[in-house]
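For reference, the structure discussed in these notes is given below.
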Amino acid sequence: MKKSTLTFVMKFVLFFILVTFILDKLVYISLNKVSDQIYSGQGIGKVNHYLKVKDKADLLVFGNSRANHNIDPSVISNNGFNIGVDGRKIAFPSVLIKMLNKKEQIVLLHIDPENAFNTNYLGEDVDGLLSKYNRIDVVTDMIDSLNRNKIIQKFYWSLGYNGLFFSILKNFFVEKYDYTVYTGYDPLYITKEQAKMFKKTLERESLDTADSIFVMNDIYSNLINDVRDFCNDNDKRLIVFTSPKYKDNCKMDNVIFKRIMEEKGVTYYDYTDLFTKNNNIEYWFDEIHLSNVGAEIFTATIKQMLQTKGIYTRLEK
């Protein structure tokens, strides 16, 4: 290749990089301005809503769908918010918790023991916060520490919005709900036909069992420690809990998880078998999610626990 041709190619590459870099920042700024106005939908709106109310709330519920659909914070507090998001594990809520300012608050964190013992977990659920990677330090630190960052994203910031564009667009023009009266709780309603179908699925014998080796995933262990320490240092009352299941085929993971929580000095309540003695079909949407009826009872149980332990008095001030 002639020197002149090589020079031309290098100049073209540098020009291309410069142009795409500038375009990326323009797109990124535009997406930020649009997405910051969205407060509905789990794609990005619910996190934005959380950021708006997090320091006003005195009760916060974190976790996956088994937190999102199972606890109505308005029954417990006039200033509560449920930031449970479907499909999340420990990394996602731990980042959100560490965004809180120093203030007296009750933090209810849902964890499923079987997830905590999953050796294949790599913290991938934190990817749901990639759009905040270049905007919030605690997000940046978590994503980097879990090696979930892409080197190219440090250069092209708008890549953090991958997979969110249509959700942003949809909720920008048509809000999914009125966020000003939304507490983050999404009840699951079940029809009579769905109840019949669910009953049939229960007649089939479940073959799902837990792993025979119960060693807590290092990411889970470390992040639980981080959340515990953060809460202790910032006036938070941390309570880890596990929501009810229609049937739990393995008890050993619950037993070992509870023991580990005790060793860590973390308050833990296992409600897996809450409905075992009264397993009314109307309490369930499926085997691991409560219907709105079951969620009402479970929420009342959580409230009673807070009252019994003297924690509820914080919410009555």
Side-chain angles (χ1 to χ4, degrees), residues 28-110 125-140 142-143 160-188 227 230-231 234 236 292 295 299 302 315:
Y28 180 73
I29 292 171
S30 299
L31 286 172
N32 284 344
K33 287 184 176 180
V34 173
S35 65
D36 285 351
Q37 300 176 55
I38 296 172
Y39 294 98
S40 69
Q42 288 204 350
I44 198 169
K46 194 169 187 180
V47 171
N48 284 343
H49 190 183
Y50 168 75
L51 294 175
K52 192 179 183 71
V53 304
K54 65 183 178 66
D55 296 317
K56 300 174 185 176
D58 50 24
L59 171 76
L60 292 159
V61 183
F62 299 86
N64 56 18
S65 59
R66 285 172 27 82
N68 176 29
H69 302 300
N70 288 356
I71 296 182
D72 181 358
S74 66
V75 172
I76 305 173
S77 168
N78 291 327
N79 296 303
F81 190 73
N82 186 326
I83 183 56
V85 177
D86 296 356
R88 305 310 181 201
K89 299 293 192 300
I90 185 64
F92 184 90
S94 69
V95 175
L96 296 182
I97 291 172
K98 287 191 279 188
M99 288 182 188
L100 296 170
N101 289 326
K102 189 165 186 176
K103 176 190 174 182
E104 192 172 351
Q105 292 171 304
I106 296 173
V107 172
L108 298 177
L109 173 60
H110 179 273
D125 54 310
V126 79
D127 294 355
L129 293 170
L130 280 171
S131 64
K132 308 293 185 184
Y133 178 77
N134 294 292
R135 305 183 72 186
I136 302 176
D137 289 343
V138 67
V139 176
T140 307
M142 178 64 75
I143 290 175
Y161 282 97
N162 277 354
L164 294 173
F165 180 76
F166 290 107
S167 175
I168 291 172
L169 197 65
K170 178 182 177 182
N171 284 280
F172 180 76
F173 289 106
V174 182
E175 289 187 345
K176 190 174 182 180
Y177 46 78
D178 180 2
Y179 84 91
T180 61
V181 295
Y182 179 61
T183 63
Y185 165 60
D186 297 314
L188 296 172
V227 169
F230 176 87
C231 289
N234 290 275
K236 317 297 180 195
N292 64 303
T299 299
I302 293 292
L315 305 179

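Glu104 places no side-chain N or O within donor-acceptor distance of the main-chain N or O of Lys236, the cut-off being under 3.5 Å. Side-chain atoms of Thr140 come within 3.5 Å of backbone N or O of Tyr133 as a donor-acceptor pair. A donor-acceptor contact shorter than 3.5 Å is absent between the side chain of Asn64 and the backbone of Gly87. At distances below 3.5 Å, not a single donor-acceptor pair connects side-chain atoms of Lys98 with backbone N or O atoms of Phe230. Under the 3.5 Å distance criterion, the side-chain polar atoms of Lys103 are matched with a main-chain donor or acceptor of Asp55. Remark: the backbone N or O of Ala91 is paired with a side-chain donor or acceptor of Ser94 at under 3.5 angstrom. Between the side chain of Gln105 and the backbone N or O of Asn234, no donor-acceptor pair lies under 3.5 Å. For the pair His69 (side chain) and Asp186 (backbone), a donor-acceptor distance under 3.5 Å is present.
Here the CG-CG distance, from Leu31 to Leu164, works out to 9.5 Å after rounding to the nearest 0.5 Å. The distance from atom CD1 of Ile302 to atom CG of Asn70, rounded to the nearest 0.5 Å, is 9.5 Å. Between the CD1 atom in Ile90 and the CG atom in Asp125 there is a gap of 8.5 Å [rounded to 0.5 Å]. Rounding to the nearest 0.5 angstrom, the gap separating the CG atom in Leu59 from the OG1 atom in Thr183 is 10.0 Å. For the atom pair CE of Met99 and OH of Tyr50, the computed distance is 7.0 Å after rounding to the nearest 0.5 Å. Summarising the geometry, atom OH belonging to Tyr161 is positioned 3.0 Å from atom OG belonging to Ser35; distances are rounded to the nearest 0.5 Å.
Annotation: salt bridge (charged side-chain N to carboxylate O under 4.0 Å, His left out) contacts involving residues 60-73, sequence neighbours excluded, comprise Arg66-Asp112.
Residues satisfying the ring pair (Phe, Tyr, Trp, His ring centres under 6.0 Å) criterion with Phe81, sequence neighbours excluded, are His49.
Side-chain atoms of Ser74 and Tyr185 include no donor-acceptor pair closer than 3.5 Å. Between the side chains of Lys132 and Asn48, at least one donor-acceptor pair of N or O atoms lies under 3.5 Å. There is no side-chain donor-acceptor pair under 3.5 Å between Asn68 and Asn82. Checking Asp178 against Thr180 by side-chain atom types alone, a donor-acceptor pair falls below 3.5 Å.
With a 6.0 Å radius and a threshold of 12 heavy atoms from other residues, nucleotides or ligands, Lys54 has its NZ atom above the threshold.
Taking all atoms of both residues into account, the shortest heavy-atom contact from Gly80 to Asp58 is N-OD1, 4.2 Å. Between Pro93 and Gly63 the shortest heavy-atom distance is CB-N, 4.3 Å. Looking at every heavy atom in both residues, Gly84 comes nearest to Ala67 through CA-CB, 4.5 Å.
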Pair Asp36, Arg135 - check salt bridge (charged side-chain N to carboxylate O under 4.0 Å, His left out), show working.
CA-CA 12 Å; Asp36 285 351; Arg135 305 183 72 186; 2.9 Å; yes
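With Ile97 as the partner, the side-chain contact (heavy atoms from CB on, under 4.5 Å) test is satisfied by one option alone out of Leu60, Val227, Val138, Ile83: Val227.
A heavy-atom distance below 4.5 Å is not found between the side chains of Lys46 and Tyr179.
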